[in-house]
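Before any comments, here is the structure.
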Amino acid sequence: MARKLLIRDLTLRDGQQSAFATRMSQEQVDRVLPFYKDANFYAMEVWGGAVPDSVMRYLNENPWDRLEKIKAVIGDVSKLTALSRGRNLFGYAPYPDEIIDGFCKNSIESGLGIMRIFDALNDVNNVKSTIRYVKQYGGIADCAVCYTIDPHFTFSERAKAALKGKPLPKAIFTNDYFLQKAKGMEQLGADMITIKDMSGLIQPSRSAELIKLFKKELHIPIDFHTHCTPGYGLGAVLSAIINGVDIVDTVIWNFAGGPAAPAIELIYVFCQKLGIELDIDMAAVAEINHKLLNIRKELDAYDAVKQFPNPFNPLTDKLPDHIDKAFDDAIIASKRNDEDALLKACHEIESYFNFPAPNELVKNAEIPGGMYTNMVAQLKQLNAMDILEDAMKLIPTVRLAAGLPPLVTPTSQIVGVQAVNCAMDMKHGKEMYTNTSNQFVALVKGEYGETPVPVSPDFRLQIAKVKEETPYDTSKHKAPDNPILEEYGGVRLAENEKEVLLLELFPSVATTFLTNQKKLRFEQTCKEEIIQEEAPKEDILPITGQVIESPMPGNIFKLLVKSGDHVQKGQEIIILEAMKMENNIMSEYTGTVKQLFVEEGTIVSVGAKLVEIEE
């Protein structure tokens with residue numbers, strides 16, 4: 001009997017998130033769903049990750065509707081899957097068990113079949129609760145081990161550190177490190193294990209080693225997930241298949257390659273040559289791909305690559321002899337573990353079909369492509385692209401100081417934003433870590449969990465004002481405000497459990513989204529014309545005191561002071577949300593708050609006036 005390989009399609013979540021900033025609307029998703037029902041993928045990743053945040057933030061759509069509408073069409077043909085961040089779920093902060101319980105219950109009731117659970121620190125304790133609740137409500141717990149590599153330090157850097165009595169760590173992220181994390185998850189009840197290479201940094205030889213090791217030592221199915229940005233993706237997937245992986249993650253042609261995962265069409269060709277069966281209707285996949293072409297054109301403003309692959313349908317198009325041979329060469333090279341020949345053949349295939357070439361900058365920096373693009377976006381907003389090189393060089397230093405976390409959401413964003421902050425500090429003649437995000441403080445403090453290497457107590461004292469590791473205290477969790485909206489019929493901002501859960505995970509974004517939803521509903525149900533009178537704005541007083549300005553562009557998440565309050569120098573006065581990180585703005589002066597120039601929800605640019613303080 002021929003061996004079967006299962007396929008998890010990522011197009012509607014990770015695919016569009018990687019390539020188009022998660023901007024697919026529900027209407028665009030609806031266009032392809034009937035064909036997905038015919039395609040018969042083992043699983044479809046459609047939710048989690050950035051989807052719940054982005055559909056509210058940018059599309060004014062309800063995340064729960066997204067999941068339920070897909071389930072209504074797909075039914076039980078394919079298992080719907082979501083990506084969640086262990087104790088952080090889909091947000092950026094650790095949450096108590098009751099919230100994890102509620103999200104798992106409502107997700108599965110809304111149609112979710114598989115929850116892929118990972119922790120940004122590979123801290124097995126952080127996935128324990130989600131495994132329990134997913135299984136309790138009838139879902140499949142897919143636990144992911146986050147692949148990462150050790151930072152490279154020169155001999156000189158190691159020698160200098162040793163002389164200071166602070167030797168740099170030896171290799172941490174060995175094959176055995178990943179195996180022990182996987183075994184720990186299996187013991188907790190994981191139904192499958194995913195090797196999750198969010199950066200595309202796993203080389204084919206390493207994917208072969210890990211798949212063989214996992215298949216030998218574990219007793220549950222193994223899934224392999226990677227990206228194509230640095231140029232290893234297609235070869236790494238082929239090596240995983242040849243070495244016995246059970247499931248691989250792919251994306252449909254017009255959304256594939258580059259920052260996304262390899263194309264299912266290329267994997268289909270490899271499997272045909274290897275005699276491996278895929279229970280997929282490739283004619284239906286071709287229909288989906290036809291729709292995706294137009295959808296991609298509609299998403300042009302968000303297209304990270306703007307390079308369309310040449311059309312290809314493996315059912316109807318004949319490969320030219322030299323490309324057909326390249327597929328054969330890749331298979332032979334993979335079986336021989338000849339990585340150079342394998343990558344050469346895979347790059348020839350991808351180049352022929354006009355998929356993006358390997359991104360050498362991301363490859364050499366050894367960081368996720370999304371982390372790099374986030375840093376570039378932040379620096380452009382700050383009008384500080386001149387410090388990009390400095391920020392990139394600081395990543396290994398910041399990462400090591402924070403305990404060497406794997407660079408995956410949210411730690412990739414936390415470390416990347418902090419590297420930018422440190423570069424900005426140095427540019428302005430300040431000490432590194434003068435400006436720190438709340439999330440970086442929490443990471444160093446220990447609230448995200450156990451880091452791969454311990455954080456220095458002295459560094460923790462400097463950053464978090466405590467010397468001992470301090471785990472997240474669930475008893476201190478504070479539920480977000482859920483006010484009554486008198487102006488929209490006296491309803492609660494969040495009227496049911498699902499809306500409350502959105503508020504818990506995305507307080508700022510969900511508050512705006514839900515307020516707009518209640519306003520729209522009220523206006524639609526009102527029979528009389530609603531005349532909205534804008535409240536008169538208070539006049540801005542002449543400035544006579546000291547003005548505190550915004551150090552970066554962002555959104556005013558919370559005002560911690562009001563006019564007339566007395567503040568001390570160094571006191572927190574505003575929480576600014578920038579790049580999804582919460583940054584405390586401190587008073588630079590001691591005095592009285594004379595006036596505030598912003599309100600909660602105000603979007604500010606760098607240098608915008610925030611608060612006036614009279615000394």
Side-chain angles (χ1 to χ4, degrees), residues 5-19 39 41-45 147 194-208 211 223-243 245-274 276 278 280 282 285-286 288-289 292 296 304-305 307-310 312-314 319 323 326-327 329-331 333-334 339 342-359 362-363 368-369:
L5 177 70
L6 300 179
I7 300 292
R8 183 189 316 236
D9 176 76
L10 307 177
T11 306
L12 300 183
R13 206 289 298 173
D14 191 60
Q16 62 129 339
Q17 180 173 323
S18 298
F41 286 104
Y42 163 68
M44 296 166 53
E45 188 180 75
Y147 179 80
T194 293
I195 297 172
K196 176 177 166 57
D197 174 30
M198 55 282 171
S199 308
L201 293 177
I202 192 167
Q203 294 170 261
S205 57
R206 193 79 186 276
S207 78
I211 294 299
D223 190 321
F224 182 68
H225 171 100
T226 191
H227 292 249
C228 296
T229 318
Y232 299 130
L234 184 59
V237 170
L238 176 59
S239 289
I241 293 170
I242 286 173
N243 286 280
V245 76
D246 301 289
I247 310 162
V248 294
D249 292 5
T250 64
V251 174
I252 294 175
W253 194 257
N254 277 310
F255 277 31
I264 176 60
E265 291 84 353
L266 298 182
I267 301 307
Y268 173 80
V269 173
F270 278 126
C271 287
Q272 288 289 102
K273 289 178 174 291
L274 289 165
I276 295 173
L278 301 178
I280 296 173
M282 292 301 292
V285 170
I288 298 169
N289 190 50
L292 291 178
R296 179 167 181 176
V305 178
Q307 180 177 332
F308 286 71
N310 298 328
F312 176 60
N313 182 341
L319 293 171
I323 296 300
F327 278 95
D329 290 346
I331 291 171
S334 180
E339 185 165 272
L342 169 58
L343 291 175
K344 180 181 178 182
C346 288
H347 293 164
E348 183 180 0
I349 293 166
E350 291 172 314
S351 175
Y352 171 78
F353 286 114
N354 198 41
F355 284 108
N359 185 318
V362 172
K363 177 181 176 181

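Keep in mind that what you see is a predicted model, and the values were worked out from it rather than measured.
- Ring geometry for Phe312 against Phe353 counts as tilted: the plane angle lies between 30° and 60°, on a 0 to 90° scale.
- Ser199 pairs by the side chain to side chain contact (heavy atoms under 4.5 Å, CB included) definition with Asp197, Leu201, Pro368, not counting sequence neighbours.
- At a threshold of 4.5 Å between non-hydrogen side-chain atoms, the residues Tyr232 and Thr226 do not count as touching.
- Minimum interatomic distance between Gly231 and His347 (heavy atoms only, all atoms of both residues): O-NE2, 2.7 Å.
- The shortest distance between side-chain heavy atoms of Tyr147 and Phe224 does not fall below 4.5 Å.
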| message | What verdict does the side chain to side chain contact (heavy atoms under 4.5 Å, CB included) test give for Leu5 and Cys271, after you've listed the backbone C-alpha separation in whole Å, the side-chain angles of each residue and the deciding distance to 0.1 Å? | response | CA-CA 8 Å; Leu5 177 70; Cys271 287; 3.8 Å; yes
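- When side chains are defined from C-beta on, Ile264 does not count as touching Asp9, because their heavy atoms never get closer than 4.5 Å.
- Under the side chain to side chain donor-acceptor pair (under 3.5 Å) criterion, Gln17 pairs with Arg13, sequence neighbours left out.
- Under the ring pair (Phe, Tyr, Trp, His ring centres under 6.0 Å) criterion, Phe308 pairs with no residue at all, not counting sequence neighbours.
- Listed by first and then second residue, the side-chain hydrogen bond (donor to acceptor under 3.5 Å, both in side chains) pairs involving residues 254-265 are Asn254-Asn289 (not counting sequence neighbours).
- For the pair Ile288 and Ala39, the tightest heavy-atom approach, listed with the atom from each and the gap, is CD1-CB, 4.2 Å.
- Atoms CG and NZ, on Leu238 and Lys273 in that order, are 11.5 Å from each other to the nearest 0.5 Å.
- Checked against side chain to side chain donor-acceptor pair (under 3.5 Å), Asn313 has no partners two or more places apart in sequence or in another chain.
- Side-chain contact between Ile242 and Ser334: present, with at least one pair of heavy atoms (C-beta onward) separated by less than 4.5 Å.
- A heavy-atom distance below 4.5 Å is found between the side chains of Ser239 and Leu342.
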| Would Arg8 and Asp223 count as a side chain to side chain contact (heavy atoms under 4.5 Å, CB included) if you check the C-alpha gap in whole Å, the side-chain angles of each, and the deciding distance to 0.1 Å? | CA-CA 9 Å; Arg8 183 189 316 236; Asp223 190 321; 2.9 Å; yes
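- The shortest heavy-atom contact between Phe255 and Ala260 is O-CB, 3.4 Å.
- Glu339 pairs in a side-chain hydrogen bond (donor to acceptor under 3.5 Å, both in side chains) with only one of the listed residues (Arg206, Gln203, Lys344), which is Gln203.
- By the 4.5 Å heavy-atom criterion applied to side chains, Val251 and Asp14 are not counted as neighbours.
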| Can Tyr42 and Ile247 be said to form a side chain to side chain contact (heavy atoms under 4.5 Å, CB included), step by step? | CA-CA 9 Å; Tyr42 163 68; Ile247 310 162; 4.0 Å; yes
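- Closest approach of Asp249 and Pro262 over heavy atoms only: O-CD, 4.5 Å.
- When all heavy atoms of Pro259 and His227 are compared, the pair lying nearest together is O-ND1, 2.7 Å.
- The ring pair (Phe, Tyr, Trp, His ring centres under 6.0 Å) search around Phe270 returns Phe327, not counting sequence neighbours.
- Here CG of Leu234 is found 5.5 Å from CD1 of Ile267. Values are rounded to the nearest 0.5 Å.
- Closest of all the heavy-atom pairs between Ala330 and Cys346 is CB-SG, 4.2 Å.
- In this structure, the side chains of Pro358 and Pro230 stay at 4.5 Å or more apart for every pair of heavy atoms.
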| query | Step by step, would you call Asp246 with Leu6 a side chain to side chain contact (heavy atoms under 4.5 Å, CB included)? | reply | CA-CA 6 Å; Asp246 301 289; Leu6 300 179; 5.9 Å; no
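- For the pair Glu45/Leu12, no side-chain contact is recorded, criterion being any heavy-atom separation below 4.5 Å from C-beta on.
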